[in-house]
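Keep in mind that this is a model prediction, so the values were computed, not measured.
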Protein chains: 2
Amino acid sequence: MSDITTTLKTKGIRPTAMRSLVYQELAKQDTAVALTDIELAFTKADRTTLYRTVKTFEENGIVHQIDDGTGISKYALCEPGCNCEIENDLHLHFHCSNCDKTVCLTEHKIPQISLPDGYVAEDVNLVVKGICSDCSGS
Amino acid sequence: MSDITTTLKTKGIRPTAMRSLVYQELAKQDTAVALTDIELAFTKADRTTLYRTVKTFEENGIVHQIDDGTGISKYALCEPGCNCEIENDLHLHFHCSNCDKTVCLTEHKIPQISLPDGYVAEDVNLVVKGICSDCSGS
DNA sequence: AAGTTAATGCACTTCCATTGCACTATAATT
DNA sequence: AATTATAGTGCAATGGAAGTGCATTAACTT
């Protein structure tokens, strides 16, 4: 039984062939990818299946969804030990306006935010837009 | 000549009747609004016109666009003296998952973010999701 | 192996953002 | 004031992405 199969089972997901492949594809990425990107990697699979696969991953804490401000949802595998639910564990994301790639800066945690009275924070999303190291040429 | 007309002219925008009305409508709001909201306020005007009006406002620094993670763009008038372009002037936004309203917390500035080498920041977007004071009942 | 439950694929819908083009109003020029 | 240029507005249509319903197929259970 492969590593991926074990991982999926551990998270309470039935390890189908499709899911293993999608997991593998996500693991290959060094950036967060859009559903369309995944779709291009699996021309034979249906978009809906990929959509639901990713959603399932998300619900089970295997993937986190990133809103980088482009209006297109991006997805990335959670790091080992990542706990997306815990606010303190949230990291920031960087979106390159040149190559349009979005990366997780997992080592950069989001600072504590103070809110006005009566406001209750459940989730924090911090996206920095600019030029990534690949594009800035430095 | 009305205040609004003057404001528009100062920003280099031709002060048409439509634009003054849209400005007025935005000024009334205490939250950031979606294009659809503006559309509902002006049933006689075309959606495209409103769309382009808001875009014009945005390009000329009268309005800033907010991506609150719902996938729907929200717009809000810039505060007097607001300079959306200057990174230090960026404030955070709060999106209530109960009433679906998005507010600008202009007094809450975004802390300085450190990035890995080679990354150049141009813009920072910080959205906190949770329950707003109206909905939390406190 | 039979039956139950979940996953997949297809078709379709919805929602918002955006564009092209014709028409109209505004501002500039004579 | 009439003419021309420039910019704004409205209508129609397109496109992209997210999401849903249902029939089919595959995966687990006993």
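- Taking atom NZ of A:Lys74 as the reference point, atom P of D:dA18 lies 10 Å away to the nearest angstrom.
- Distance, B:Met18 CE to C:dT24 P: 18 Å, rounded to whole Å.
- Computed from coordinates, the B:Gln65 CD to C:dC16 C1' distance equals 12 Å when rounded to whole Å.
- In the set D:dG10, C:dT8, C:dC16, the nucleotide with an atom closest to the side chain of A:Arg19 is C:dT8.
- The CD-C1' distance, from A:Glu59 to C:dA7, rounds to 14 Å in whole Å.
- When each of B:Thr70, B:Asp100, B:Thr31 is checked for a side-chain hydrogen bond (donor to acceptor under 3.5 Å, both in side chains) with B:His95, only B:Asp100 meets the rule.
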message = Can you build the contact string for nucleotides 19-30 of chain D? Use B for base contact, S for sugar-phosphate-only contact, and - for no protein heavy atom under 4.0 Å.
response = BBB-----BS--
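- A distance-only check finds no donor-acceptor pair linking the side chain of A:Thr53 to the backbone of A:Arg19 [under 3.5 Å].
- Taking atom NZ of residue A:Lys44 and atom P of nucleotide C:dT8, one finds them 16 Å apart after rounding to whole Å.
- In this entry the distance linking CD of B:Glu39 with P of C:dT18 reads 14 Å, nearest Å.
- Between C:dA7 and A:Thr49, no contact under 4.0 Å exists linking OP1 or OP2 to a side-chain N or O.
- Residue-level contact check: A:Thr56 touches neither bases nor backbone, having no heavy atom under 4.0 Å from any strand.
- Closest of all the heavy-atom pairs between B:Ser20 and B:Thr5 is OG-OG1, 4.4 Å.
- Here the shortest heavy-atom pairing between B:Leu26 and B:Phe57 reads CD1-CD2, 4.0 Å.
- The salt bridge (Lys or Arg N to Asp or Glu O under 4.0 Å) pairs that include a residue from residues 59-71 of chain A are A:Asp68-A:Lys74, where partners are two or more places apart or lie in different chains.
- In this structure, B:Ile13 places its CD1 atom 16 Å from C1' of D:dT9, rounding to the nearest Å.
- Every residue meeting the side chain to side chain contact (heavy atoms under 4.5 Å, CB included) condition with B:Pro111, not counting sequence neighbours, appears here in chain and number order: A:Pro111.
- One atom, CG of A:Leu8, and another, P of C:dA6, lie 17 Å apart when rounded to the nearest Å.
- Pairs passing the salt bridge (Lys or Arg N to Asp or Glu O under 4.0 Å) check and including a residue from residues 46-56 of chain B, sequence neighbours excluded, read B:Glu39-B:Arg47, B:Lys55-B:Glu58.
- A heavy atom lying under 4.0 Å from DNA chain D marks none of the residues of residues 21-35 of chain B.
- Comparing A:Asp46 and B:Gly71 against DNA chain C, the residue whose closest nucleotide sits nearer the 5' end is A:Asp46.
- The aromatic rings of A:His93 and A:His64 are tilted relative to each other, their planes meeting at an angle between 30° and 60°.
- Annotation: side chain to side chain contact (heavy atoms under 4.5 Å, CB included) contacts of A:Ser73 (sequence neighbours excluded): A:Gln65, A:Tyr75.
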